[in-house]
Amino acid sequence: MPVPVAVKVGALALAAMGAYTWFANAIPQIESRPPQELSLEGNVPPAQLVRAGEQIFRTKGACETCHKIGERGTRAPDLGGVGGRAATRKPGTPAKQYLLESLITPGAYLVEGYPNIMPQVDRPPITLNRSEVWAMVAYLQSLGGTVDVTLEDIPPTVGAAAAGGAAAPAEVKIPGDPKAGEAVFTTKGACVACHAAGKVAGGKVGPDLSQIAKIQTPEYIMKKILDPAGLGTVSGFPPGVMPKDLGQRLTAKEYTDLVAFLLTLK
Ligand code: HEC
Ligand code: HEC
């Protein structure tokens, strides 16, 4: 059976992106992150830990872009009461362990009705360090549960990306032209009909993409354009509406430029 041209273009573009990603990752630390980091050790009073976690939730964690507390967010579940609920999510798994897992391997347990789109929070773009993950688990426990997480509960491998060194993936640089990509967004790609993106006012059929690079990986963004249904449907939005033929309609250059533009949205 001949491979349809569309699929070939899509696969080729994806392979090209994969190669760029690999290339970017092969160069250690192309861009360093701002040094503003939380570093905690030893006996930190729970109240202090919870405060730190709450702060990170609102700022560096970018959690609020997807989650609200006491109110359903657009992309993610309401985290009100999650500290209590966490103890019953997976029989035999204590609350602190479930919460840690939900941050580090979000796909291991999916809250019913939601797709597997939460990023690993100790990897780019969010890149929390080990202390910050610790504080975050404490904060989540404080939402309806009891704070009993200690630093020893967080494996030393957690936050390796933030700690730098060989384990740290460099920020992915896409060799496209963001300015040209913005034009693809508003004209040929017609993304603007359904999406707003920073300064670009757009339709509300799909999610506002103004912060997309702050909360999602380049891999997610690249795949979503070529195979929107393959990653599930963002909660709160209609399924099957995002066009499936973008990989056929865009040239490899247009696609690369478009991705470069989307990666500026943070
Ligand atoms: C791109 C959107 C997005 C971002 C950013 C995000 N999450 Fe999530 N999160 C989700 C989705 C979707 C789910 C439900 C699917 C799943 O279980 O993985 C989820 C699930 C969770 C759960 C499990 C909730 C339960 O009831 O069992 C916790 C806890 C959580 N997220 C915490 C966080 C924290 C803390 C941050 C910030 C450091 C964060 N998330 C950032 C989308 C996101
Ligand atoms: C006809 C409307 C429509 C058009 C045109 C469209 N999209 Fe979408 N898009 C959606 C909808 C609806 C969703 C959310 C549901 C889903 O996940 O399929 C979405 C989801 C997304 C997401 C995931 C957002 C998130 O929060 O995780 C990205 C990224 C995206 N679109 C990019 C694009 C780009 C880039 C274009 C143009 C090349 C485009 N879309 C064109 C409707 C559209």
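Counting convention: from 1, in listed order, for ligands and their atoms alike. Residue numbers start at 1 and run along the sequence shown.
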Check whether any side-chain N or O of [X] sits under 3.5 Å from a backbone N or O of [Y] as a donor-acceptor pair, and report yes or no.
| X | Y | answer |
| --- | --- | --- |
| His195 | Pro207 | yes |
| Asp257 | Asp177 | yes |
| Arg85 | Gly80 | yes |
| Arg123 | Ala161 | no |

Where's the contact between Leu209 and ligand 2, heavy-atom distance under 4.0 Å: side chain, backbone, both or neither?
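Contact part for Leu209 vs ligand 2: side chain (C-beta onward).
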
Closest protein heavy atom (residue, atom, distance) for [atom]:
| atom | answer |
| --- | --- |
| atom 39 (C) of ligand 2 | His195 CD2, 3.5 Å |
| atom 16 (C) of ligand 2 | Lys224 NZ, 3.4 Å |
| atom 32 (C) of ligand 2 | Met242 CE, 3.6 Å |
| atom 27 (O) of ligand 2 | Tyr220 OH, 2.5 Å |

Using distance alone, decide if ligand 2 has a nitrogen or oxygen within less than 3.5 Å of any nitrogen or oxygen in Ile225.
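So ligand 2 has no N or O lying under 3.5 Å from an N or O of Ile225.
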
Below a 4.0 angstrom heavy-atom separation, can you tell me which part of [X], side chain or backbone, both or neither, approaches ligand 1?
| X | answer |
| --- | --- |
| Pro115 | backbone |
| Leu103 | side chain |
| Pro77 | side chain |

So, is Tyr98 polar-close to ligand 1, with some N/O to N/O distance under 3.5 Å?
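In this structure, Tyr98 places an N or O atom under 3.5 Å from an N or O of ligand 1.
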
Can you check whether Val111 has an N/O within less than 3.5 Å of an N/O in ligand 1?
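Looking only at distances, the answer is yes, because the N/O contact criterion of under 3.5 Å is met.
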
Can you list the atoms of ligand 1 that are under 4.0 Å from a heavy atom of [X]?
| X | answer |
| --- | --- |
| Gly61 | 37 (C), 38 (C) |
| Gln216 | 1 (C) |
| Arg75 | 12 (C) |
| Tyr114 | 14 (C), 15 (C) |
| Arg89 | 25 (C), 26 (O), 27 (O) |
| Cys66 | 1 (C), 2 (C), 3 (C), 4 (C), 5 (C), 43 (C) |

Enumerated ligand 2 atoms positioned under 4.0 Å from heavy atoms of [X]:
| X | result |
| --- | --- |
| Cys194 | 1 (C), 2 (C), 3 (C), 4 (C), 5 (C), 42 (C), 43 (C) |
| Gly206 | 10 (C), 11 (C), 12 (C) |
| Val241 | 1 (C), 2 (C) |
| Leu246 | 38 (C) |
| Val205 | 12 (C) |
| Gly232 | 17 (O) |
| Gly189 | 37 (C), 38 (C) |
| Leu258 | 35 (C), 38 (C) |

Would Cys191 count as a contact for atom 8 (Fe) of ligand 2, in the sense that one of its N, O or S atoms lies under 2.8 Å from it?
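Short answer: no, not a single N, O or S atom is under the cut-off.
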
Can you tell me if Pro238 has a non-hydrogen atom under 4.0 Å from ligand 2?
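Yes, Pro238 has a heavy atom closer than 4.0 Å to ligand 2.
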
At the 4.0 Å heavy-atom cut-off, does Pro228 count as touching ligand 2?
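Contact check Pro228 vs ligand 2: negative.
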
Please tell me whether Asp148 and Thr146 have a donor and an acceptor in their side chains that are separated by less than 3.5 angstrom.
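Asp148 vs Thr146: no donor-acceptor pair found between side chains.
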
Tell me the angle that SD of Met118 and NE2 of His67 form around atom 8 (Fe) of ligand 1, rounded to 10°.
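Rounding to the nearest 10 degrees gives 180°.
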
I'd like to know if Leu110 contacts ligand 1, where contact means a heavy-atom distance under 4.0 Å to any ligand atom.
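Flag set, Leu110 near ligand 1.
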
Can you tell me if Val82 has a non-hydrogen atom under 4.0 Å from ligand 1?
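Val82: in contact with ligand 1 (<4.0 Å).
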
Quick one: which of Gly107, Pro207, Ser102 has a heavy atom closest to atom 29 (C) of ligand 1?
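The option holding the nearest heavy atom is Ser102.
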
